[in-house]
Enquirer: 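I have a structure here, written as structure tokens, and I will follow up with some questions on it.
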Amino acid sequence: MKSLDNIVALFSSDRSVIKQQENNSEYKCEYALTNPHRPSYDELVSCLRSIPKRDEISITYKIESAEDQILNDRSRESIENFLINLESKLSLRDPDDSIELHLRVFKKVLDGAISIYSLEDVANFWKESGIVSSLKKIEELVSRVQVLLVNGLEIAAKTNSLIFLPFEFDYKGSEANGIDRSEIYTLRDKVSHFANASQFSFIPEDFHIHEIDPVLNAEIRPLFEELRLVSSLIYLCDFSKFDELGNIHLRLGGYRLYAKDISAKERISGVNSEYYEIYKWAYGDGDVIDKVGLARNIISLHLIDNDLAKIQKGTLQSISSGYQVYLKDNVKQYIEIKNKLSEFIQGSSEKASEISKNVGAYYKNSIWTMYSFFASVFLIRVLSKSNQVLVTNEVFVLFFAFVIITLIIMRYALSELEDEKLRFIERYQSLKSRYCDLLIPDDLDRILESDKQHLSDLKYIDKKRNDYRWLWGLSISVIFVFVSLLWAAKL
């Protein structure tokens, strides 16, 4: 805040702060002056230049017995008139008059950047009215800006959504970390329910500062660590909610069910990074459902005084060890499931072949019976050495009866094949549905090769049905032609 202090110093060497505050849009400070004097034009212009052009400054000089003198812009005419009137007021003032100087800076956003004149006051503003209020105020700021140019900051620092830079830093081209939020929201919605998800868009990374400056460490870090803890809990708990009064409700179900309510005025002290590290691990590579489920179980065993906001250091190591054991057990189970699916696929192919063979059996039996009958009739007649015709009217009528019976058998066999085919499909879909509870859809689809073998089996069944229909028709046609020719020969 050196630039503003220099402005005040121009008006008095002896001054004290009456009130000072700053929020997301303006900075205000009131000073009591003891030995006032009028600065020169060049001195005032030089100090006003230290205020970025994007911001608007207002200086109000209050003398108890005189009208207020206000400077609202930086034009030469306005500054000269302000100083002339101020000199006149000072020469006519009563020695006992109190004198105050009020500074007000309207902070404007330019290229996604905004000024921070007093980080301590901004931090106090953010902390007012509780954690939920802090989240709202910071999200409101993040919706408009990405860069904070902080007076007194020496080292640049950043979170996922904000960049803290020294006041005079050339911020053009600076970008925050910019993690893909939509993917994290999707993962969160798979494992937990945040009742206010439509109203808040924060992620824990928004409150993790990568570099620590002494100023940030003193003013911002405690607040951001608190918000990082709460946001991490929201992404790890089964259920979380902000009520209308600004209270926070959390519920985590592990080996035991734990709940915590944080009132609107309550702050959390003694925060460590353990929950944030657990969140980063759980939402990293791997199945978030399995990892968050395991994390909840082990978290419930490592709480301090059964307080959901207080967790033992080293809990992540316990979770990681437990996950390794879990993975080994799961790999064994996965291999068993995959082997069972392979056996099922092979069994399905054998079943398809069996269905086709059943129709073939019907064909062989019916055609063989017909051929055997007529072969025996013909053979008897030939061996009898009689002049009787081989195919009499009676034999021909009997032949038609056999043909009709054979056609009925063919229709029944093909109908039974179609029924078996439908049962084959239903059985496959039913088993596939059961394995969806054990494997993710993509993995199941990969093991089953997108139903490649199943579709091939269905194609094989359809081909065999058409082949048997054609073969049955051909066989009946051949014997029909043969018998008809023999029957016609006697005419």
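Model, not experiment: these values are computed from the prediction. Numbers here are sequence positions counted from 1.
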Enquirer: Does any part of the side chain of Lys62, heavy atoms only, come nearer than 4.5 Å to the side chain of His102, both counted from C-beta?
Expert: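 Yes. Closest side-chain heavy atoms under 4.5 Å.
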Enquirer: Give every residue pair that meets the salt bridge (charged side-chain N to carboxylate O under 4.0 Å, His left out) criterion with at least one member in residues 81-91, sequence neighbours excluded.
Expert: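 For residues 81-91, and leaving out neighbouring residues, the salt bridge (charged side-chain N to carboxylate O under 4.0 Å, His left out) pairs sorted by first residue read Arg38-Glu87.
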Enquirer: Tell me, please, which residues at least two apart from Leu92 pass side-chain contact (heavy atoms from CB on, under 4.5 Å).
Expert: Ser88
Enquirer: Using side chain to side chain contact (heavy atoms under 4.5 Å, CB included) as the criterion, point out the one residue from Glu56, Glu30, Glu26 that pairs with Arg104.
Expert: Glu26
Enquirer: Do Glu140 and Lys136 meet the salt-bridge criterion of a basic N to acidic O distance under 4.0 Å?
Expert: no
Enquirer: Just by distance, no angles: are the side chains of Asn72 and Ser58 close enough, under 3.5 Å, to form a donor-acceptor pair?
Expert: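 Side chains of Asn72 and Ser58: pair found under 3.5 Å.
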Enquirer: If you count heavy atoms of other groups shown closer than 6.0 angstrom to CZ of Arg144, is the number above 12?
Expert: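 Result for CZ/Arg144: enclosed.
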Enquirer: Phe207: which residues meet the ring-ring contact (aromatic ring centres under 6.0 Å, His included) condition with it, sequence neighbours left out?
Expert: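 For Phe207, the residues satisfying ring-ring contact (aromatic ring centres under 6.0 Å, His included) (neighbours in sequence not counted) are Phe224.
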Enquirer: Centroid separation under 6.0 Å, is that true for the rings of Phe106 and Tyr27?
Expert: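 When the ring centroids of Tyr27 and Phe106 are compared, they turn out to be at least 6.0 Å apart.
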Enquirer: Inspect the contact between Asp307 and Lys260 and indicate whether a charged nitrogen and a carboxylate oxygen are less than 4.0 angstrom apart.
Expert: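 Yes.
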Enquirer: Should Arg267 and Glu226 count as an ion pair when the cut-off is N to O under 4.0 Å?
Expert: yes
Enquirer: Regarding Lys280 and Glu205, does a basic nitrogen lie under 4.0 Å from an acidic carboxylate oxygen?
Expert: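 Counted as a salt bridge, because a side-chain N and a carboxylate O are separated by less than 4.0 Å.
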Enquirer: So does Glu426 get a backbone contact from the side chain of Ser430, meaning a donor-acceptor N/O pair under 3.5 Å?
Expert: no
Enquirer: Determine the sole option in Phe202, Tyr279, Tyr276 for which the ring-ring contact (aromatic ring centres under 6.0 Å, His included) test with His208 is passed.
Expert: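 With His208 as partner, ring-ring contact (aromatic ring centres under 6.0 Å, His included) holds for just one option, Tyr276.
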